[in-house]
Amino acid sequence: MVTVFAYNMNLEVNSNIIPVDATNQPITKERVIMQFSKTGNSSFVFTNFDIELDDNLYLNIADLNELRRECLEKVSHYIINNAKRKNPRTLPTSLDFKTAKKKISKKKISLLLNILDVNTNYSELEKVDRIYIPLKYFAMSDYSNIIKNISAEFDTYIYMPTIIKSNYRNLFTTNIDKALEEYNIKGFVLSNLGTFNMLEKYKDNYEFIGNYTLNVFNNYSLEAYQNLGLNLITLSPELNKQDIIEISNLACVSTELIVYGNTPVMTLGYCVLGKSNKCYPNCKSLCKSKHNYYLKDRLGLYFPVIPDSIQTINTIYNSKVTSLDFSELPIDSVRIDILNENILEINKIIDTVRHEKRFEGKDYTNANFIREV
């Protein structure tokens with residue numbers, strides 16, 4: 001039997017090893033200590049030994065090694081099973097975080113228009129603080145008047161794509177300065193780290209907002225992105241309610257949360273409409289049509305598919321709309337993501353969100369809000 005004492009641990013390991021009479025070299029206490037001291041790359045060492053050993057006994061060295069392994073394994077299991085799990089998402093960093101952010105009585109409302117409709121009068125939108133417009137629309141002349149009207153009435157931001165292939169990079173380089181001169185642009189929504197380099201020269205004159213795709217899960221991320229120049233960060237939709245509260249209470253930068261919208265479940269570098277990973281001359285260009293496209297799963301649920309006519313990127317959205325009760329959250333801003341809703345539906349959503357309510361029913365989901373990831 002081996003008894004192990006370590007801090008507040010008192011563990012026993014029993015073995016069925018039976019010593020025999022030695023014929024040549026009996027086992028010694030020194031040899032036992034030597035074998036147990038060979039802990040290799042493990043995190044443990046044996047320091048004090050109290051050995052009771054009769055004279056003239058023999059033990060196989062391999063048996064001693066196995067006994068040592070069992071002891072180390074038992075210690076490891078004990079530590080793992082009794083450790084109190086600390087949530088790394090909310091550990092404070094070197095910054096002097098706000099220690100007691102109170103519930104913000106009036107949260108700002110941001111609106112992402114994933115799809116612009118030339119027949120919609122967006123001046124009828126009610127009580128919105130920010131509007132995010134995808135980059136591609138700034139290169140399409142048909143939407144010039146719409147963007148001009150929106151940017152004249154609302155704080156307008158250019159929503160950068162998650163995936164930036166050469167087409168988007170060229171579009172950005174060619175059109176961005178013209179767009180900034182022509183429209184009243186407040187800033188940019190950054191969707192990946194590569195966008196920081198593209199926008200470096202605009203950092204001093206425009207606001208930078210971090211998109212949820214930056215995967216902010218803890219305060220370390222918030223600190224890092226703040227150092228890169230972000231003024232507002234959209235938290236990951238995979239966080240649950242308690243995580244959001246803890247992170248926001250310690251946040252070193254303003255936080256935003258998507259509280260309504262179809263959440264993207266997959267972004268494809270492949271066009272499911274053209275059945276290709278690149279554009280080709282005889283493509284039917286279904287991505288430019290006004291039709292709505294869906295993927296139907298085995299349960300009969302329809303997942304919206306939104307193609308990108310600039311590059312062969314398709315985004316697949318959840319069949320259910322995420323709608324959250326954020327009334328108890330200490331966040332600074334909430335965001336509404338719009339796909340195909342008309343102006344009356346959008347205003348109803350804005351009003352519901354403004355009153356800190358959520359939509360109920362089979363078409364809506366809490367996503368990860370009330371469960372652990």
> Can you tell if the side chain of S248 reaches within under 4.5 Å of the side chain of L235, non-hydrogen atoms only?
Replying inline: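 The answer is yes, as the side chains (C-beta and beyond) meet within the 4.5 Å cut-off.
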Mind checking who shares a hydrophobic cluster with [X], ILVMFWY linked at side-chain heavy-atom distances under 4.5 Å?
X: M34; value: none
X: Y58; value: V20
X: Y294; value: Y302

In chain order, what residues pass the ring pair (Phe, Tyr, Trp, His ring centres under 6.0 Å) check against [X], with sequence neighbours excluded?
X: Y206; result: F188
X: F49; result: none
X: Y122; result: none

Residues in side chain to side chain contact (heavy atoms under 4.5 Å, CB included) contact with [X], at least two apart in sequence or another chain:
X: S323; answer: Y260, R358, F359, Y364
X: N231; answer: E207, F208
X: N149; answer: none
X: P237; answer: Y212

> What residue pairs, at least two apart or across chains, pass salt bridge (Lys or Arg N to Asp or Glu O under 4.0 Å) with a residue in residues 114-135?
Replying inline: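 As it turns out, the salt bridge (Lys or Arg N to Asp or Glu O under 4.0 Å) pairs with a partner in residues 114-135, which skip direct neighbours, are R130-E256.
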Identify all side-chain donor-acceptor contacts of residues 135-145 below 3.5 Å with residues at least two apart in sequence or on another chain.
{"unit_1": "Y137", "atom_1": "OH", "unit_2": "L116", "atom_2": "N", "d": "3.2"}
{"unit_1": "S144", "atom_1": "OG", "unit_2": "E182", "atom_2": "OE2", "d": "3.2"}
{"unit_1": "S144", "atom_1": "OG", "unit_2": "Y183", "atom_2": "OH", "d": "3.1"}

